[in-house]
Amino acid sequence: MNNPPNPNKEIMVCVTGQRSCDRLINRGMARREPNQKMHVVHCVQTGHRFMNRLNEPDAIDYLFTAAQLANANLLMLRTDNVDDALVEFAKEHDVGIIVMGASPDAANSIITRLQRRLPGVEFDVVV
C-alpha cells in the first residue's frame, strides 16, 4: 500500500516514446495533492530519436499536449547517461514519487538502478 504523497515533494512521471504515456501521466495525476508540482520527463540517449517513430513531430506534440492537460511541466532530455540525468533531475527537484512503466527485464531494469540511487524516493510502477 502506498503512503499518501508528501505535498512538499514533487512528482516525476518518466515516459517513453509510446502513446501509452497517458496511463503514466494519469497515475501521476491520481497521486498528486493540490498544489503539488508534477513533471513529465522523457529522456533519451544521445544519438537516438526522441520518440522512436517516423512521425516524431506529431508524437512530441501529443506528449506536450498530454502534459499540458495534466498541468505538468514537460522536460525532454538528450544525454549520454539516462540514469544519471534522471537521478540528477529527481534530486534537483526534490522528487518524492517517480511514476514509471514496468520493465520487461526486471533484473537489470532502469527502475532497479534508479531505486538503488534514490533510496528515499517512492517508485510507483504501472504495469
Side-chain angles (χ1 to χ4, degrees):
M1 178 144 84
N2 292 327
N3 295 325
N6 180 342
N8 297 321
K9 300 258 183 193
E10 299 181 10
I11 296 176
M12 181 167 89
V13 179
C14 295
V15 297
T16 62
Q18 301 170 1
R19 288 203 176 205
S20 61
C21 67
D22 287 335
R23 65 190 175 92
L24 300 175
I25 293 171
N26 287 337
R27 176 69 68 91
M29 288 172 45
R31 298 292 310 272
R32 185 184 345 180
E33 294 291 323
N35 301 317
Q36 188 176 27
K37 288 185 181 180
M38 187 169 91
H39 308 276
V40 175
V41 180
H42 180 51
C43 189
V44 297
Q45 191 169 19
T46 303
H48 293 247
R49 297 180 82 167
F50 268 115
M51 304 306 279
N52 292 330
R53 53 184 67 187
L54 294 174
N55 204 0
E56 190 163 275
D58 286 344
I60 291 171
D61 186 53
Y62 180 87
L63 182 56
F64 175 77
T65 301
Q68 189 176 33
L69 289 172
N71 195 27
N73 300 317
L74 173 64
L75 180 67
M76 299 185 77
L77 298 170
R78 187 180 304 276
T79 181
D80 290 331
N81 188 312
V82 171
D83 291 12
D84 286 350
L86 293 176
V87 167
E88 183 178 323
F89 184 89
K91 288 179 178 179
E92 285 179 7
H93 290 85
D94 198 22
V95 169
I97 300 171
I98 296 177
V99 177
M100 300 181 84
S103 175
D105 179 13
N108 188 32
S109 74
I110 190 169
I111 298 165
T112 303
R113 296 190 309 269
L114 294 178
Q115 284 174 324
R116 281 190 215 116
R117 295 179 64 185
L118 297 166
V121 174
E122 175 188 345
F123 284 78
D124 187 345
V125 180
V126 178
V127 191

Which residues share a side-chain contact (heavy atoms from CB on, under 4.5 Å) with [X], sequence neighbours left out:
X	value
Asp94	Lys9
Asn81	Asp83, Asp84
Ala67	Val40, Leu74

(request) Compare all side-chain heavy atoms of Val82 with those of Val44 and state whether any distance is below 4.5 angstrom. (result)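 Heavy-atom side-chain distance check fails, nothing below 4.5 Å.
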All side chain to side chain donor-acceptor pair (under 3.5 Å) counterparts of [X], not counting sequence neighbours:
X	answer
His93	none
Asp80	Thr46
Thr79	none
Ser103	none

For the student: nearest non-hydrogen atoms of [X] and [Y], plus distance:
X	Y	value
Asp22	Ala66	OD1-CB, 3.8 Å
Gly101	Leu24	N-CD2, 3.6 Å
Cys43	Leu86	CB-CD2, 4.0 Å

Do side-chain atoms of [X] reach the backbone of [Y] as a donor and acceptor pair under 3.5 angstrom?
X	Y	result
Arg113	Asn108	yes
His42	Met76	no
Arg32	Ala70	yes

How far does [atom1] of [X] sit from [atom2] of [Y], to the nearest 0.5 angstrom?
X	Y	atom1	atom2	answer
His39	Glu10	NE2	CD	3.5 Å
Gln115	Met100	CD	CE	9.0 Å
Phe123	Cys14	CZ	SG	8.0 Å
Gln36	Arg31	CD	CZ	9.0 Å
Ile11	Glu122	CD1	CD	9.0 Å
Asn71	Ile25	CG	CD1	12.0 Å

(request) Indicate, with yes or no, if Leu69 and Phe64 share a hydrophobic cluster defined by side-chain heavy-atom contacts under 4.5 Å among Ile, Leu, Val, Met, Phe, Trp and Tyr. (result)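 Unlinked, Phe64 and Leu69 end up in two clusters.
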(request) I would like to know whether Val13 and Arg27 meet side-chain contact (heavy atoms from CB on, under 4.5 Å); could you show each step before the answer? (result) CA-CA 9 Å; Val13 179; Arg27 176 69 68 91; over 6 Å; no
